[in-house]
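Notes follow the structure.
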Amino acid sequence: MAALVLPAGLLVVMLLVAPMALLARISLNRFSPTELMVEATTAENYWRAVQDPYYQQVLGTTLGVALGCTVLALALGFPAAYWLARMESRWKSLATILVLFPLLVGNVVRSAGWMALLGNEGAINAALMGAGITGGPLPLLYNGGAVVVGIVAVVLPYMILTLAAVIEGIPRQAEEAAANLGGRPMTVFRRVVLPLALPGVVAGSVLVFILCMNAYATPVLLGGPQFKMMAPAVYDQFVRGNNWPFGAALAFILLAVTLVLTVVGSTLLGRRYRAA
Amino acid sequence: MLLPAPRTLLFRTAIGAAFLLMLAPVAMVMVISVFRQEIVSFPPPGLTLEWYVNAWARQEFARGFVTSLQVALLATAIGVPLGTAAALALQRSAIRGKGALNTLLLGPLAVPGVVAGTALYMFYLRAEFWLDRDLTATLEGLVAAHVLLTIPWTVRLVSASLQGLDRAAEEAAANLGARPLTVFRRVTLPMLRPGIVAAALFSFIQSFENLELTLLLVGPGRTTLPVAMLSYLEFRIDPTLAAVATVQIVLVAGLMLITDRFVKLSRVV
Amino acid sequence: MTTTRRAALTGSAAALASLTAGLPGLARAQSKQVVVGTWGGDYGELLRQNIDQPLVVPQGIEVLQDIAVADPRKTKLLAERQARRGTYDIACLSDTDMHMVAAQNVFEPLEMGKLKRGSAILPALAKPYAVPHIYSALVLLYNPSKVTTPPTGFADMWDPKYRGRVGFSDILYSTNTFSAAMAGGGSFSDYEPAKKKLMEMRSLDARIYPSNEALAGALKSEEVWLTPMWLARGFMWQKAGIPVKHVVPKEGAYAIVFEAAIPKNSRNKDNAYTYLDAMLQPSAQAAFADRMGYLPTVKDAPLPAAIAQQISLSEAEQERLRAPDYDYLLKSHSEILDFWNKQFKA
Amino acid sequence: MGSLVLEALSKRYGSSTAVERVDLEVTQGEMVALLGPSGCGKTTTLRMVAGFIPPTAGRVIIGGQDVTHTPPYARDTGMVFQSYALFPHMSVAQNVAFGLEMRKVGRAERDARVMEALRLVRLDHLADRLPRQLSGGQQQRVALARALVVNPAVFLLDEPLSNLDAKLRGEVRMEIRALQQRLGLTTLIVTHDQEEALTMADRLVVMERGRVRQVGTAEELYEHPADPFVAGFVGRCNLIPGRLEAADAFRAESGALLHCDSGAAPGPAPTGAALLALRPERIGLAPDPAGRARITAVTYLGAQTEYHVEQDGTALLVARPTAPLGDPLRRLAVGDAVVLSWDAAAARLLPAE
């Protein structure tokens, strides 16, 4: 029985752990504009990344966007998940499909859709100007707001499906009992559904937070040039700057920050759950 | 049944906003695919189907679609059984270090696709040198990378399914004389079916739409659809991409509706 | 029940088999193949229509295009330089990228004996490691209805009356920095003055767009009026109805050359030479000029007069045109990128 | 406290009917049981009273107020769920306090009433436990306390005992009844267990396929069932198909002639196909070698002994108090011939379905 874990485990070791170890080794090398990579054992790439105010700011932006998007996805996704989980009609399949299928339409395509909506010549600005509400186009695209909207749209299905699975496991009678005891709908929701769905909130938030921290296509396409998040910065170093050691160091910093926050966050939330 | 469901405006607004956010960009892409001008602006000067003709004429999209489909199906076919086996071992056996193993198997989820893709590409190059065998730009190399995407989702979803499983049915089967493998095949597996279908669905999705992990691993004549789309963007600016995406959206929606006829998606995920 | 399940199993096994069949058969070691690493979109399509199909395939050579944007292909070439077998037989890159990659000893020095069309190449564009395929010039694009006095050089972008009306494409950071350097009295080998000029431009509310496409959209909506850009792009944009005209800046500018080279670890070098020859055929060159507005790199390519007039350069204009200082760019590339990202855009 | 009135209460799902025109009045302090097989509509009726299901037609009136369109949280009913539906994330005390919080009862009073309610169900020592740390019986009592602490106008019990073992069930049944009577609670209880209904309720409502078959006290239902369904569902009953031949003679389908008193029941005697209802314990039985009836099975049940008997092709169940040792009845065995006897008035004629 225990041996069944081996094939998958070995595969992950071979295709993820070993490559990451190689990348860790590369992160200790030195970059040279003419020779690209020079063998070395130095922590200077990490040191440089940590000290550089530019990358501090990029990391700060990434954290801010990831936290904001996670909170927003939770706020918007929970009601939708509850609605989906408690739906009984034949429309439930349709609603599920509507949640699932944006996932199959890649981030590039969805970003193109946002551009057509938010651009200066996009649908929203055209409508606003057509109705005479604004004189000129509003700067909706190429800023942090557009990225947040785009990322929230990308991660919402994950949040909704994770939450809905947990909410479906909450006995309806617990809600009925609360209503029977005089709890108004919002009270029942706050006092009974929400605490019982906390494991789902933790699971969904952790998943979504990681996805946000690692977002690549959406910030590149919707954020505009002045807006930088970590994953695109890493890619830039690898592919645009050909500075593999520094790119690798940035990658590990991103990974470390994500993991530490994930563990801390879920432990705190988990403790609250046990206490409650 | 009537539910004590919150029907406040706030609640309804949130649901509406969630669906709007998820669906508006997709709908928008479909709309601009028939705009006549090359650079999209509203309102359009006219409508046309020429982008569909152009999309069809470009081999890279049809080929990309086939490659993506092929890679996604293979990665799912390999990753789901492996992930299911691993989930069984994690949930049912008494091995030590389950927590660490679980973290390992969910690991691919936590590593940014750009990072994993670059690391894997460099690793493949080293491995090619040792093995004297092509890995980058091969179907095997691409599928292996995508299996990496499918494993964490399978472990996650099948584990959840296993935790919710009533073991009495398995005990009943054993009591009726079924050997462990028969119990698994005739009782456990059918009861896990919703979890496995969900795992397969998510695995397929993760592989099919993946861009970041794939960027450096695609090769001549073997480019996936998302990479082909990104590449097209660099030299062209017309709504051909929107046309390709619309065709993809229609195909995907059709596929899901058909799937739903056989396996109720609402009961699976 | 059992039979149907078994039938279904065999069915899916067969489906799996058919999935894996066929494609691995495109083994790349075959001698009758050539793998071309190139851009997608129009570039790849024009290669296919004017080189692959009419010129290379009839010689019994199968052409496989590996389509990707330039950066990952550049990364691949660099990463694979020690591999015994590379991905590409032909690598297409812009001249600056090509020089940077060539400096890492990636490419085969061209054997002129194997290159039949070698003698037709414009001498100014010849390189030891690559053949030039098409070229264009860096120009200043402007909206003639908004910028009523036609600009003469890069420095005009700093005119305060165009505050907020100058746009830059983010991916052309190096070119943009060059234009600033030239406006600030720098040279092909000295971008230092760009720093001051770019910061000035920053306070003039310059707009930066993530891609050339986004910039095109902004030019179309007349959100911005001026931008340094390739002449060929300007030509394409004009065809797409964007209101732009161009001027070759008086400070001087460089040409961009799209080049093709053979990596040392190419598997099919003979086919690669055949392909390079095909790229230099007059018919192929004319097609790229017609469709994309790039200039031929061979002496004997005939251009239709109407197109020639739009994209060709006068003698005076050609005099202001030079090749970039590749070595300088190679050394300063990361510094230029850093300044652009961290100071100018911040 | 108040009375509960249901007026022509109906619930239809599309074309299928769950509850059809139920009329019922539960007076102040009365306990009424909704009894019937699963799927008869009794739970749907209860949930309409609680407000979880909107009725298709009809009215629910609590304490003289029409609450048909009042949401559940504003109805002032106290419900005990079959699964107890305790809040798993709250302690026992928090569970019980929930309803008081909703009613904005002040902290001090709330704590006092919670402890009082917990003392009532003898769980005050477990106030800080979580529900999952309690036994099934304890959980059930928490659910009771939680519903009672708010002094509901109507007390609703949905199969409250079905998750308890047999011994506990008997005890809790008495406890609930005692509480209900002591507090004077207007109570509606749903059960499929006739013994539970008979022992606890003042009146019973027998339902079948969404309709009320008969309403009455335990005795009324037992002695005067309105139809064969009620006769068969409340207590056990021999139901013999046949027709009335004379005012005191019933011809069973098997051909046997059984005596009866067609005038004992109110209303005209049924003509044509009918059923003769005969309670097993109303049949006398004596060993007689010349008897036309044969014993096919004997079951010793301690206080009672049951005999399965066949007479002229008609199978009958007879229940007698177990006779003392030495009595000839004690020696009866399978195959023995016996004579059956009953009071003509004990044999009720019912219309065939």
Side-chain angles (χ1 to χ4, degrees), chain B residues 37-42 45 54 57-61 63-64 66-67 69-74 77-78 117-118 121-122 124-129 132-140 142-143 214-223 227-238 240-241, chain C residues 12 15-16 19-20 22-24 26-29 33-46 48 62-73 75-76 79-89 171 211-214 216-221 236-237 239-242 292:
Chain B
Q37 82 274 49
E38 289 202 3
I39 294 167
V40 173
S41 68
F42 282 80
N54 189 36
R58 300 266 176 176
Q59 310 173 31
E60 67 229 49
F61 296 121
R63 277 208 198 161
V66 171
T67 305
L69 202 64
Q70 187 185 28
V71 170
L73 288 176
L74 282 171
I78 297 168
T118 314
Y121 176 66
M122 306 239 170
Y124 273 2
L125 285 178
R126 299 267 166 126
E128 279 181 358
F129 203 75
D132 194 23
R133 180 179 192 291
D134 285 343
L135 285 174
T136 59
T138 60
L139 182 70
E140 301 90 289
L142 198 53
V143 170
T214 318
L215 266 177
L216 291 173
L217 300 177
V218 293
R222 191 168 298 119
T223 298
V227 179
M229 285 182 161
L230 191 72
S231 308
Y232 185 84
L233 269 176
E234 198 174 55
F235 262 71
R236 282 296 281 197
I237 43 185
D238 60 49
T240 303
L241 267 193
Chain C
S12 50
L16 258 180
L19 262 177
T20 49
L23 270 138
L26 295 174
R28 288 172 298 154
Q33 247 186 7
V34 61
V35 177
V36 182
T38 175
W39 297 272
D42 275 355
Y43 195 91
E45 191 60 23
L46 287 173
R48 185 150 44 224
E62 188 193 354
V63 182
L64 274 184
Q65 285 193 351
D66 185 31
I67 289 179
V69 293
D71 286 331
R73 283 188 289 114
T75 305
K76 271 193 192 181
E80 286 177 357
R81 66 193 190 280
Q82 272 129 17
R84 273 184 281 259
R85 291 180 304 251
T87 304
Y88 305 118
D89 299 311
I171 58 172
S211 64
N212 293 342
E213 290 67 49
L219 284 166
K220 171 137 201 263
S221 64
M236 271 174 74
W237 288 350
K239 283 215 293 190
I242 298 173
M292 293 178 71

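As the structure is a prediction and not an experimental result, all values here were calculated from the model. We name chains A, B, ... by the order of the sequence lines, and we start the count at 1 in each one.
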Closest non-hydrogen atoms of B:Thr223 and C:Ile67, given as atom of the first, atom of the second and distance, are OG1-O, 4.2 Å
Toward chain C, the part of B:Leu216 with a non-hydrogen atom under 4.5 Å: both
Checking C:Lys76 against chain B: side chain, backbone, both or neither under 4.5 Å from a heavy atom? both
Would the number of heavy atoms belonging to other residues, nucleotides or ligands and lying under 6.0 Å from CZ of C:Arg81 be above 12? yes
How many angstroms lie between OG1 in C:Thr87 and CG in B:Leu125, if you round to the nearest 0.5 Å? 8.0 Å
Could you measure the distance from the OH atom of B:Tyr121 to the CD atom of C:Glu80? Nearest 0.5 Å is fine. 3.5 Å
Show the nearest heavy-atom pair for residues B:Glu128 and C:Arg84, with the distance to one decimal. O-NH2, 4.3 Å
Which atoms of C:Glu45 come close to chain B, meaning under 4.5 Å heavy atom to heavy atom: side chain ones, backbone ones, both, or neither? both
